[in-house]
Every structure is written in C-alpha cells, then in structure tokens.
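The structure appears right after this line, and notes come after that.
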Protein chains: 2
Amino acid sequence: MAKRKVSLKDISIACGVSVATVSKALNDHHDIGQETKEHIRQVAESLGYRPNAAAQALKTNRTNNIGVLFVDEANSGLTHDYFNHVLNSFKNTAEENGFDITFINGGKARINNMSYLSHAIYRGFDGVVIACVDFFDPEVDELVKSSIPVVTIDHIFYNRIAVISDNVNGMRELTEYVCSQGHKKIAYVRGVESSVTQSRLASFYKTLQEHGIDIPDEYVVIAPYRDTDAAYEATNKLLNLQDPPTCIFYPDDFAALGGINAIRERGLKIPDDVSVVGYDGLEISSRLTPKMTTIVQDSEKIGKIAATKLIDLINNPKGTLIEQIVVKGTLEPGASVKKLN
Amino acid sequence: MAKRKVSLKDISIACGVSVATVSKALNDHHDIGQETKEHIRQVAESLGYRPNAAAQALKTNRTNNIGVLFVDEANSGLTHDYFNHVLNSFKNTAEENGFDITFINGGKARINNMSYLSHAIYRGFDGVVIACVDFFDPEVDELVKSSIPVVTIDHIFYNRIAVISDNVNGMRELTEYVCSQGHKKIAYVRGVESSVTQSRLASFYKTLQEHGIDIPDEYVVIAPYRDTDAAYEATNKLLNLQDPPTCIFYPDDFAALGGINAIRERGLKIPDDVSVVGYDGLEISSRLTPKMTTIVQDSEKIGKIAATKLIDLINNPKGTLIEQIVVKGTLEPGASVKKLN
DNA sequence: TCTCTGTACTTAATCGTTTTCGTGAAATCA
DNA sequence: TGATTTCACGAAAACGATTAAGTACAGAGA
C-alpha cells in the first residue's frame with residue numbers, strides 16, 4: 001500500500017481525458033457526458049483516488065474545517081466536563097455537515113508563537129467557535145473583530161452570534177426551589193468573574209430579594225469552577241460562621257464534591273444538617289448519594305445550535321442573522337436539599 | 001480589517017525583491033543577505049503576513065496536523081473522561097511541537113462517506129493516533145496497515161508503536177492490595193471485550209490464583225465501561241448471590257458510582273458491609289466518600305509519550321524504533337476497602 | 001447549403017508556497 | 001591581471017485542484 005498518492009492527473013491519464021474533465025466529472029458538472037462521468041468515477045474509485053484537501057483549499061478558499069478556541073482559567077482543556085459535552089455535540093453536528101474540527105489554542109506553547117487570529121488565518125478555518133475563554137483577552141478580541149465567521153458560547157459580543165445557557169432563569173429556578181423548601185439561610189460559593197458568573201450571581205440576589213430573603217455578605221464566597229479544593233475551603237469558611245447557612249450553592253456539580261467532603265468531615269449530614277446545590281447537571285450529579293439538586297444545562301443543544309448557526313454563517317455570510325440564542329436548562333431536584341418546615 | 005489576505009507576492013512587491021527571496025528570507029535560508037532578511041521580515045510583520053497552510057502543505061507534503069481517531073463502544077467521544085485526559089495531554093505536547101489536532105472519526109455521519117484512511121489521506125495528516133476504538137473494525141485495520149505514521153494507545157499492533165497503560169501490573173497491585181486486606185470473596189464487574197479488559201481480567205485471575213484464592217464464576221460479571229446503570233444491575237446480581245462477595249471491582253471509577261448506589265440502596269455500608277474498588281484514578285475517585293481504592297492511570301504521561309513518539313516517527317520514519325511502551329499506574333488505596341481480620 | 005445551437009470536451013490560468021538551478025557581481029587567489 | 005570562488009538574489013517549475021474561456025463536432029432550423 002505504499003503507492004504514491006493518486007491525483008486527478010493519474011485518473012486523466014488512465015481515462016485518456018483532460019484533468020479538467022476529471023475534476024468536473026467528480027464534481028458532477030453538467031457539461032460532461034453521462035458515460036464519461038461514470039467511467040471516470042469508476043476509474044477514480046478503482047485507483048483509490050482521494051481529493052487533496054490542501055489543493056482544494058488553496059484553490060477554493062474553503063477548508064471545511066472549523067477552529068475551536070477554548071481556554072479556561074484552570075486550563076483544564078478537554079477535561080472540562082461541561083465544555084467537552086458541548087464540544088462533543090458541536091463536533092457531531094459539524095461532522096454531519098462535512099466539517100472537521102481543529103483546535104486553535106495552545107498558542108503560547110507553539111514554536112511559531114501565533115495569536116489566535118493568526119492561527120485561524122494560517123489554517124484557513126471557515127469559521128471559529130469560541131467558548132469559556134477569558135473574553136477580555138486581547139487576542140480573543142482580535143479574533144472577534146476579524147472577518148472570520150465566529151460563534152461564541154456563553155458570552156455575548158453584540159456583533160457576533162452567541163449561544164448561551166440560560167443562567168439567569170436557571171439560577172432563578174434553582175433559588176426559587178430552595179426557597180420553596182423553606183431555606184432562608186442560603187450561601188453561594190460563586191465562580192470566578194465571567195459572564196456566566198455575573199448572570200448567575202445577579203439572578204441569585206434578585207430572586208432572594210423577591211422572596212424577601214436577605215443574606216449577609218459572608219454568605220457569598222468565591223471559588224474557581226471545578227475546583228474541589230477551593231470549594232472545600234469555602235465551605236469550611238461558611239460553616240465556621242456564627243450563623244452558618246442551611247443550604248450552600250456551588251459553582252458546579254463537580255466543585256460541590258469538595259463542599260460535600262468538608263461538610264461530612266465535620267460529621268454533618270447532607271441534607272439533614274446542610275443542603276447542597278450544584279450546577280451543570282452532568283451525569284455524575286444524578287449518581288451521587290444523595291442525588292444532587294442542580295440545573296441541567298442542555299449542553300447537547302448548545303453545541304448543536306452553535307454548530308448549526310456557524311455553518312449557516314459560513315455558507316451565507318451576508319444573509320445570516322446576528323442573534324443571541326438562549327438555551328434553557330431544567331431544574332433537577334434531588335435529595336441533597338432538605339425540606340424545612 | 002477586511003483586507004485581502006497578504007501573500008508572499010505582496011511582500012515581494014513592497015520590498016522590490018522576488019517571491020523566492022521573500023520565501024527564503026522568512027524561512028531563514030543562508031543565501032539571503034542579512035539586511036535584506038531583516039527588511040523583508042519587518043515588512044512582512046507590518047503587512048500582517050501569515051503563511052497559508054494549504055499552500056505550504058501542497059508544496060511540502062507536510063500539514064503539521066495530526067489526526068485523532070477515537071470511537072468507543074458507547075460513542076461517548078470527548079466526554080469519555082479517561083480518554084479526554086489522555087487526549088488533552090497529547091494535544092498539549094503536540095502543540096508544543098507545532099502540530100495541530102484534528103479528529104478523524106465521525107466517518108459514518110459525513111456527507112462524503114469517507115473511511116478513516118480516506119479521511120486521513122484527504123486531510124494529509126502527518127500522523128495519526130488511535131485510541132480506545134474497536135480495534136477489530138476493518139476500517140481501523142486499513143488505517144493501521146497504511147503508510148501513514150501511527151501510534152496506538154492501549155492496544156498493540158506489532159507493526160506499530162503502541163503506548164499502553166500497564167493494566168497487567170495495575171490489576172495485580174490492586175488485587176494484591178485487596179487480598180492483603182484479608183478479602184477472599186472478591187467479585188469483578190469487568191468491562192466489555194477489549195485489549196484492556198483482557199489484560200486486567202487475566203491479571204486478576206492470575207493474582208488470585210497466586211494467593212490461593214478461588215472464586216466462583218458468578219463473581220465475574222460483564223458491564224460496559226463508564227456505564228453506571230449496568231454496574232448497578234451487575235452489583236445487584238452479585239449481592240443477590242447466596243454467598244455474596246465482600247469486595248467488588250468495577251471497570252472504572254465512574255461505573256463504580258452505579259455500584260455504590262446499588263449497595264447503599266440495600267442499606268449496606270461501604271466499606272463495612274461491602275468494599276469497592278475502581279480503576280482510572282481520575283480526580284473524582286479521590287473526592288468521593290469514602291475515598292475510592294483505585295489504580296491511577298498516568299493519562300498525562302500516556303498522552304505525552306504517544307505524542308512524542310508519533311512526532312519522532314513523523315520526523316524520522318525510517319529511523320524510529322517500533323516499540324511498545326508500557327506506562328505504569330499507581331495504586332491509590334482508599335477507605336472504600338475495609339481491612340478484614 | 002449555410003448558419004446556429006448545443007454538447008462534450010480541452011486549454012490554460014490560478015491559488016500561495018517551496019526549491020532547484022542559474023546568473024551577475026564582488027571578493028579571493030595565483 | 002586573469003581565473004576562480006563566494007555571495008546574494010531571481011526565474012521558473014511544481015504541488016493538485018478549480019474554472020473561465022475556447023473549440024470541435026453533430027444535428028437543427030431556414
């Protein structure tokens with residue numbers, strides 16, 4: 001199988017026609033005879049012909065390749081579970097439409113230290129999806145301002161299509177549920193600064209206020225997303241308060257594990273002594289005992305819509321509406337929250 | 001910023017030299033004057049020049065792009081946690097060496113239904129890494145037999161470089177540990193058929209035998225990897241036996257969650273009534289209470305070595321040794337296994 | 001019979017690079 | 001001073017595909 005790669009030229013020679021004819025036959029142009037077409041295709045097949053993406057890209061300015069930019073504060077990359085769920089769905093949808101996925105990040109480590117935009121131009125990505133990064137990074141800004149089709153996830157730039165999880169309503173539902181269970185001393189281990197955090201935090205406060213609940217400032221503590229150790233520390237801080245909360249919200253389901261450990265180490269029971277609430281709704285949350293109360297973000301839908309919209313944009317740059325699409329999550333009540341009387 | 005992409009030609013015009021000279025200056029060839037070089041580079045920079053990957057690939061037959069093939073039985077894709085840890089490390093190492101990562105799979109869904117090999121040829125991948133797939137798939141076979149540099153993970157083809165987690169010694173250590181804690185009635189919820197499963201299963205039996213422990217056939221039950229529901233069912237089956245085991249091995253830490261739930265639903269305590277053992281050693285295992293006894297697979301190292309070896313192979317196809325590299329895991333004892341007296 | 005219209009091709013340019021082979025001028029050597 | 005080497009650069013082909021424009025020929029229409 002060490003044969004040289006077969007090109008249009010090889011087929012043209014084998015068929016005794018010109019390269020142009022072969023190209024047109026393979027691309028089903030109308031000005032090639034039916035018999036010729038079939039013959040050419042047959043020969044192409046038997047020769048094991050495969051188009052050369054580089055040559056096609058060079059000529060057509062189309063790569064059928066989408067760039068993925070993802071950098072989070074912890075640099076968890078592909079191990080970031082919410083993101084990899086979104087990305088997996090994005091990838092599937094893209095592939096169904098004939099697009100491949102290539103990563104853009106890793107910029108800092110590269111030999112030829114390219115910016116995100118440079119990298120995107122270099123690879124000739126037809127479009128780019130940006131998720132979970134530090135959206136205030138000047139390199140991201142450069143990319144967002146470029147002429148490359150872009151879709152962002154969970155952050156809005158008003159000149160770009162954005163797909164965002166409904167953190168406002170999600171947090172509202174979650175908070176309302178906890179309130180409805182009779183909790184009044186509700187603490188929030190919030191994630192670090194980001195669009196997502198802002199939405200959730202604002203919604204958290206607003207909902208409490210609507211329910212006439214006032215919490216002390218010490219009830220809101222910062223811990224990075226997905227950081228069990230930080231959540232552990234934060235939880236200890238909360239439980240050490242003179243008037244500790246009866247329920248603790250965590251940045252996400254995974255970080256909540258750290259909190260759960262802190263609680264249990266003190267000999268406290270969940271939910272009898274302290275109730276616990278997560279966010280994300282990944283599979284793990286439903287497998288824990290007690291089952292975690294959380295918001296299931298529809299990562300499947302988010303990824304799918306992002307891909308669909310980006311591909312629309314690629315295929316019709318002028319005619320595609322710049323819009324912000326909000327994807328609803330669903331409240332998943334679990335035994336981790338106790339009903340107070 | 002909607003300027004047309006700038007090419008070598010633009011630079012050559014701006015500098016009043018030929019395209020060849022520009023190309024050579026940018027690639028630091030020796031036959032260009034120092035001053036000219038610097039001037040050209042400066043102009044290139046100021047014009048915002050970016051090389052065109054497609055043109056380069058076409059000319060040099062090098063894409064600096066590596067294909068990643070990953071398909072597991074459950075099609076979990078990027079959400080497969082062991083794999084995404086390996087891949088993340090692979091990706092980082094590849095990027096440090098100037099390579100990008102593009103996925104190969106998704107073949108079935110593609111418009112132009114390409115085989116894995118076709119896809120790899122089409123994209124002109126410099127090399128390919130294959131992990132966790134069904135290694136008996138004829139398409140995988142075709143790829144493995146091709147002339148493209150390949151590294152496989154957790155499965156050996158003897159004509160290819162392979163990086164594998166040391167499942168034999170891992171399972172030995174794990175089993176020995178459990179034996180050392182006094183367990184004799186040890187059950188194994190094993191994964192579905194694969195190289196990994198075979199190694200672990202064989203090692204499991206062998207180690208038990210060496211310790212003079214004989215277990216009934218019913219103690220070994222099949223459940224897919226990462227399938228909490230199946231592990232749940234399997235566990236119930238085991239606990240319903242007349243003489244139930246005192247310790248249960250699971251295919252991986254995540255699946256173990258299903259088993260844990262089954263155990264607790266019966267009002268049994270871990271580890272007092274039943275001990276539990278996982279595999280993988282992902283972060284979650286150390287955050288559970290009780291902490292899970294498991295083997296930490298060195299996914300970081302596996303990914304890194306796979307990338308390094310593949311890149312060696314790409315850069316020196318003839319001179320690189322075809323070898324099988326085994327990466328040791330480490331036993332992580334946890335409170336999930338009780339010491340019997 | 002002559003023109004016209006399709007049909008089915010071919011020719012040739014082009015995309016952006018890289019690289020081999022020249023070539024002229026300056027520098028070195030005898 | 002004449003021959004040779006070195007240096008710095010240019011011309012042109014090539015990678016594999018696409019596509020606008022041109023051409024040859026058969027049959028239709030007048």
Side-chain angles (χ1 to χ4, degrees), chain A residues 3-41 43-44 47-65 112 118 120-126, chain B residues 3-41 43-44 47-65 98 112 114 118 120-126:
Chain A
K3 305 160 198 158
R4 208 175 48 78
K5 251 188 260 182
V6 13
S7 70
L8 289 189
K9 195 173 183 183
D10 301 308
I11 303 175
S12 79
I13 292 171
C15 293
V17 297
S18 75
V19 197
T21 305
V22 177
S23 172
K24 290 197 268 191
L26 261 26
N27 290 316
D28 206 20
H29 285 211
H30 61 281
D31 62 344
I32 301 295
Q34 200 53 43
E35 294 177 32
T36 325
K37 260 186 201 173
E38 275 158 23
H39 179 228
I40 289 176
R41 285 180 184 159
V43 172
L47 253 45
Y49 168 77
R50 298 301 159 193
N52 179 315
Q56 281 185 164
L58 181 57
K59 186 64 191 154
T60 62
N61 237 354
R62 251 271 208 171
T63 55
N64 289 309
N65 201 3
N112 30 353
S118 294
I121 292 177
Y122 168 63
R123 283 287 174 206
F125 295 131
D126 294 333
Chain B
K3 305 158 197 158
R4 205 176 50 79
K5 252 189 261 185
V6 13
S7 70
L8 289 188
K9 195 173 182 183
D10 300 307
I11 302 176
S12 81
I13 293 171
C15 293
V17 297
S18 74
V19 222
T21 304
V22 177
S23 171
K24 289 195 271 191
L26 262 26
N27 290 316
D28 205 21
H29 285 211
H30 60 281
D31 64 343
I32 301 293
Q34 201 51 45
E35 294 176 32
T36 325
K37 258 184 203 173
E38 274 159 26
H39 180 229
I40 289 176
R41 285 181 185 159
V43 173
L47 253 46
Y49 168 76
R50 298 300 158 194
N52 179 315
Q56 283 186 161
L58 181 57
K59 189 63 192 156
T60 63
N61 236 355
R62 252 268 209 171
T63 56
N64 290 309
N65 201 3
N112 29 353
M114 287 191 279
S118 293
I121 293 177
Y122 168 63
R123 284 285 175 207
F125 296 131
D126 294 332

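In what follows, every chain begins at residue 1, and chains take the letters A, B, ... in the order their sequences are listed. Heavy-atom basis, side chains included; hydrogens, waters and symmetry copies ignored. Quick caveat, the model's predicted, so the values are computed rather than measured.
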Nearest to side-chain heavy atoms of A/Tyr49, which nucleotide of C/dT17, C/dC9, D/dA17: D/dA17

Euclidean distance, atom CD1 of residue A/Ile11 to atom P of C/dT10 [Å, nearest integer]: 14 Å

DNA chain C contacts made by residues 51-63 of chain A, counting heavy atoms under 4.0 Å: A/Leu58, A/Lys59

Derivation and outcome, side-chain contact (heavy atoms from CB on, under 4.5 Å), residues A/Lys5 and B/Ile121: CA-CA 8 Å; A/Lys5 251 188 260 182; B/Ile121 293 177; 3.8 Å; yes

Sugar-phosphate only, base, or nothing, as touched by A/Lys9 at under 4.0 Å among non-hydrogen atoms: nothing

Contact under 4.0 Å: A/Ser23 side-chain N or O vs D/dG16 OP1/OP2: no

OP1 or OP2 of D/dG10 under 4.0 Å from side-chain N/O of B/Ser18: yes

Donor-acceptor pair under 3.5 Å, B/Asp31 side chain vs D/dC9 base: yes

C/dC9 OP1/OP2 closer than 4.0 Å to side-chain N/O of A/Thr21: no

End-to-end axis angle, where each axis spans five pairs of the helix from C/dT1-D/dA30 to C/dA30-D/dT1, to 10°: 60°

Distance test, side-chain N/O of B/Tyr122 to OP1/OP2 of D/dA17, below 4.0 Å: no

Rounded distance in Å - NZ (A/Lys24) to C1' (C/dT7): 11 Å

